[in-house]
Amino acid sequence: MKKKNLPILENIEITGVAAEGKALARVNDIVVFVPYCVPGDIVDLQVTKKKHSFMEARVLRLVQPSNKRCEPVCKHYGTCGGCKWQILPYEEQLRWKQQQVEDNLTRIGKLELPPISPIAGSKKTYQYRNKLEFAFADHQWLTNEQMKAGVPFTPGLGFHIPNCFDKVLQIDECHLMDDYNNSIRNGIYTKAQALGLTFYNERTHEGDIRNIMLRNNHHDEWMLVVVFAGSEELTDAQQALLAYIRDTFTKVVSLMYVINNKFNDTIGDLDIQLFAGQDHIVEEMENLRFKVGPKSFYQTNTDQAYELYKVARRFAFGEESATADKKAPIVYDLYTGTGTIANFVARQAEKVIGIEYVPEAIEDAKINARINGLTNTEFYAGDMKDILTTDFIKEHGQPDIIIADPPRAGIHEDVINVMLQAAPQRIVYVSCNPATQARDLALLAEKYTISAVQPVDMFPHTQHVENVVLLNKKG
């Protein structure tokens, strides 16, 4: 049976923003989600999906642009799939992110809130990332317009097209990281072809080179990991490419490679080999040093990570300090990653217990504690709901403060129950997903009141927002 034609909607006003970076409109009390629009745009739309309660659509014609609309900086805007809010001025982005936090906490959590503090905007709105990854493809993805114009298929190095594991958009520029990333990526793209290296095909699993990962620090030192496929022994061409990178890009102080013959791009379970320089770079925050390796988790916006951690520390300790008649608190840092927050607050605590699922991250956390001369931190690896138990707390001490920074899925209910049993005086909940945070806060409301809320923007030009909430025990 032939699918029913979906309607065209004319002269529709975009009225707000929604999840996944999309804008929204309302037509006959039905919400319509539309990408690449801003509030105030008047557009003609082609509906692409129609359900009882909502529709999805794409823009056929921009009838009248909003006075809020601005020109995107990146030439790949609208094709790459990232940075969807580039056409929205940054102050408007912040306003909508603030609204997103408030809506999630009130509508999902149905929580009583104090006044929400104004969102902390990012000092840098471009070149703010300290990490990027790019994929190779034996032929780059082309738009319909490019194919109609007869643009030939050539190898590609860039970002995966959204929701397409085997399609890669050739990237000439990316403004999310220091411009040196473009020099490295474009240089590798040209040199790899000159050396006769074949680019990877995700469907046939053939090719010599798969991915590159770039990291940098505040000292303008760079790490580069090149992901090859094939034999564990590098070919002459693969070695020549690494030698070219070493000799050409002098800011790369850490050059490594890995052989990945799996059917996915993850390298966390693979051995990474050092080709030149050192196997890490070092980032600094206040008077602390953090070793960052190829597998380390470190917040990708370094400047805003510092602002985020300062908020978490202020919420945890307030203006208080330990005195002769008041001992420093015991702090549990849940989902500690490489121990960044744990080490950041350790000097104000009697003891900090960090728990994290990834064993390699816990090893990094221990190294970072040693680098900074911290002797009051302890780190444990394992599934949070299995590690954090009442017996664990009896053994390691009752927490006065719990800091939790879970992944997007939020905190497992078993873990929340243990937190409620432990009943620390304060809980600081750092979240990258206000929706799951709202759900968890509703459970914690049994024993806690929300005393402060501080949104922090870590990712300009995207819909993502971090939010920090302080909870105080009732009574």
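Note that the structure is a prediction, hence the values are computed from the model and not measured. Nothing fancy with the numbering, it's 1 onward along the sequence.
Counting only residues at least two apart or on different chains, no ring pair (Phe, Tyr, Trp, His ring centres under 6.0 Å) pair has a member in residues 264-307. Pairs engaging residues 407-417 under the side-chain hydrogen bond (donor to acceptor under 3.5 Å, both in side chains) rule: none recorded [sequence neighbours left out]. Residue pairs meeting the ring pair (Phe, Tyr, Trp, His ring centres under 6.0 Å) criterion with at least one member in residues 360-392, sequence neighbours excluded: Tyr380-Phe392, Tyr380-His396, Phe392-His396. Identified under the ring pair (Phe, Tyr, Trp, His ring centres under 6.0 Å) test for residues 251-270, with sequence neighbours left out: His205-Phe263. Pairs passing the ring pair (Phe, Tyr, Trp, His ring centres under 6.0 Å) check and including a residue from residues 428-463, sequence neighbours excluded, read Tyr126-His461.
Within the 4.5 Å cutoff, no side-chain heavy atoms of Phe165 are placed close to those of Asp265. Proximity of Ile212 to Phe136: side-chain heavy atoms (C-beta onward) are separated by under 4.5 Å at one or more points. Between Asn467 and Val465, every side-chain heavy-atom pair lies at or beyond the 4.5 Å cut-off. Side-chain contact check for Arg185 versus Leu132: every heavy-atom pair is 4.5 Å or farther apart. For the pair Leu234 and Leu242, the minimum side-chain heavy-atom distance is below 4.5 Å. With a 4.5 Å cut-off on side-chain heavy atoms, Leu24 and Thr15 count as touching. Between Leu241 and Ile209, some side-chain heavy-atom pair lies under the 4.5 Å cut-off. At least one side-chain heavy atom of Ile188 sits under 4.5 Å from a side-chain heavy atom of Leu224.
Using a cut-off of 4.0 Å between Lys/Arg side-chain N and Asp/Glu carboxylate O, Lys97 and Asp457 are scored as salt-bridged. A salt bridge links Arg313 with Glu286: at least one charged nitrogen is closer than 4.0 Å to a carboxylate oxygen.
Taking CG from Asn372 and CG from Asn287, the interatomic distance works out to 7.5 Å, rounded to the nearest 0.5 Å. Taken from CG in Leu111 to CG in Leu471, the straight-line distance is 9.0 Å, to the nearest 0.5 Å. Between atom CD1 of residue Ile14 and atom NZ of residue Lys22 there is a gap of 12.5 Å, rounded to the nearest 0.5 Å. Remark: Thr340 OG1 to Glu283 CD distance equals 10.5 Å, nearest 0.5 Å.
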Exercise for the section: Under the side chain to side chain contact (heavy atoms under 4.5 Å, CB included) rule, what do Asn201 and Asp166 come out as? Steps first, then yes or no, please. Expected result: CA-CA 7 Å; Asn201 184 306; Asp166 61 334; over 6 Å; no
Side chain to side chain contact (heavy atoms under 4.5 Å, CB included) between Trp141 and His160: does it pass, once the steps are laid out? CA-CA 9 Å; Trp141 181 83; His160 285 282; over 6 Å; no
Given Val168 and Gln140, is the side chain to side chain contact (heavy atoms under 4.5 Å, CB included) satisfied, shown in steps?
CA-CA 5 Å; Val168 170; Gln140 62 175 286; over 6 Å; no
As a quick check of understanding, evaluate side chain to side chain contact (heavy atoms under 4.5 Å, CB included) for Asn181 and Phe134, giving each step before the final call.
CA-CA 10 Å; Asn181 95 85; Phe134 300 99; 3.7 Å; yes
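Counted within 6.0 Å of NZ on Lys68, heavy atoms from surrounding residues, nucleotides or ligands total 12 or fewer; the atom is thus considered open. Residue Lys473 places its NZ atom among more than 12 non-hydrogen atoms of other residues, nucleotides or ligands, all under 6.0 Å distant. Within a 6.0 Å radius of CD in Glu112, no more than 12 heavy atoms belonging to other residues, nucleotides or ligands are found.
Shown here are the salt bridge (charged side-chain N to carboxylate O under 4.0 Å, His left out) partners of Arg215, two or more places apart in sequence or in another chain: there are none. Listed by chain and residue number, nothing satisfies the side chain to side chain donor-acceptor pair (under 3.5 Å) test with Asp386 (two or more places apart in sequence, or in another chain). A search for salt bridge (charged side-chain N to carboxylate O under 4.0 Å, His left out) contacts involving Glu173 returns nothing, not counting sequence neighbours. Take Lys262 and apply the side chain to side chain contact (heavy atoms under 4.5 Å, CB included) test, not counting sequence neighbours, and it matches Asn260, Asn264, Thr266, Asp269, Leu270.
Gln304 places no side-chain N or O within 3.5 Å of a backbone atom of Lys124 that could act as its donor or acceptor partner. Using modelled atom types, no side-chain atom of Asn472 and backbone atom of Arg426 make a donor-acceptor pair closer than 3.5 Å. For the pair Gln93 (side chain) and Pro460 (backbone), a donor-acceptor distance under 3.5 Å is absent. Within the 3.5 Å criterion, the main-chain N or O of Cys174 finds a donor-acceptor partner in the side chain of Asn182. Judged purely by atom type and a 3.5 angstrom limit, Asn216 has no side-chain atom pairing as donor or acceptor with the backbone of Trp222. When atom types are taken as modelled, the side chain of Gln398 and the backbone of Ala422 share a donor-acceptor pair closer than 3.5 angstrom. Put simply, the side chain of Gln454 never gets that close to the backbone of Leu308: no donor and acceptor are under 3.5 Å apart. In terms of modelled atom types and a separation under 3.5 Å, the side chain of Thr48 and the main chain of Glu56 share a donor-acceptor contact. Between the side chain of Lys474 and the backbone N or O of Ala445, at least one donor-acceptor pair lies under 3.5 Å. Proximity of a side-chain donor or acceptor of Gln348 to a complementary backbone N or O of Phe317 within less than 3.5 Å is not detected.
What you find for Arg439 and Gly410 is that their closest heavy atoms are NH2-CA, 3.7 Å. For Leu420 against Lys447, the heavy-atom pair with the smallest separation is O-NZ, 2.8 Å. Across all their heavy atoms, Gly230 and Ile259 have their closest contact at O-CG2, 3.3 Å. Residues Leu274 and Gly277 come closest through the heavy atom pair CD2-O, 3.4 Å. For the residue pair Pro434 and Asn104, the shortest heavy atom distance occurs at O-CB, 3.7 Å. Across every non-hydrogen atom of His76 and Asp172, the tightest pair is NE2-N, 3.0 Å.
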Donor-acceptor list for residues 328-335 side chains, cut-off 3.5 Å, not counting sequence neighbours:
| unit_1 | atom_1 | unit_2 | atom_2 | d |
| --- | --- | --- | --- | --- |
| Tyr332 | OH | Gly397 | O | 2.5 |
| Asp333 | OD2 | Thr336 | OG1 | 2.7 |
| Asp333 | OD2 | Ala342 | N | 3.2 |

Donor-acceptor list for residues 356-365 side chains, cut-off 3.5 Å, not counting sequence neighbours:
| unit_1 | atom_1 | unit_2 | atom_2 | d |
| --- | --- | --- | --- | --- |
| Glu356 | OE1 | Gly337 | N | 2.9 |
| Glu356 | OE2 | Val358 | N | 3.3 |
| Asp364 | OD2 | Ser296 | OG | 2.7 |

Show the atom names and distances, to 0.1 Å, of all donor-acceptor pairs under 3.5 Å that link a side chain in residues 249-256 to residues at least two apart or in another chain.
| unit_1 | atom_1 | unit_2 | atom_2 | d |
| --- | --- | --- | --- | --- |
| Lys251 | NZ | Asp220 | OD2 | 2.8 |
| Ser254 | OG | Gln278 | O | 2.6 |

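With 3.5 Å as the limit, one finds no donor-acceptor pair spanning the side chains of His218 and Asn130.
Using bins of under 30°, 30° to 60° and over 60° for the plane-to-plane angle, the ring pair Tyr36/Tyr77 lands in the perpendicular bin.
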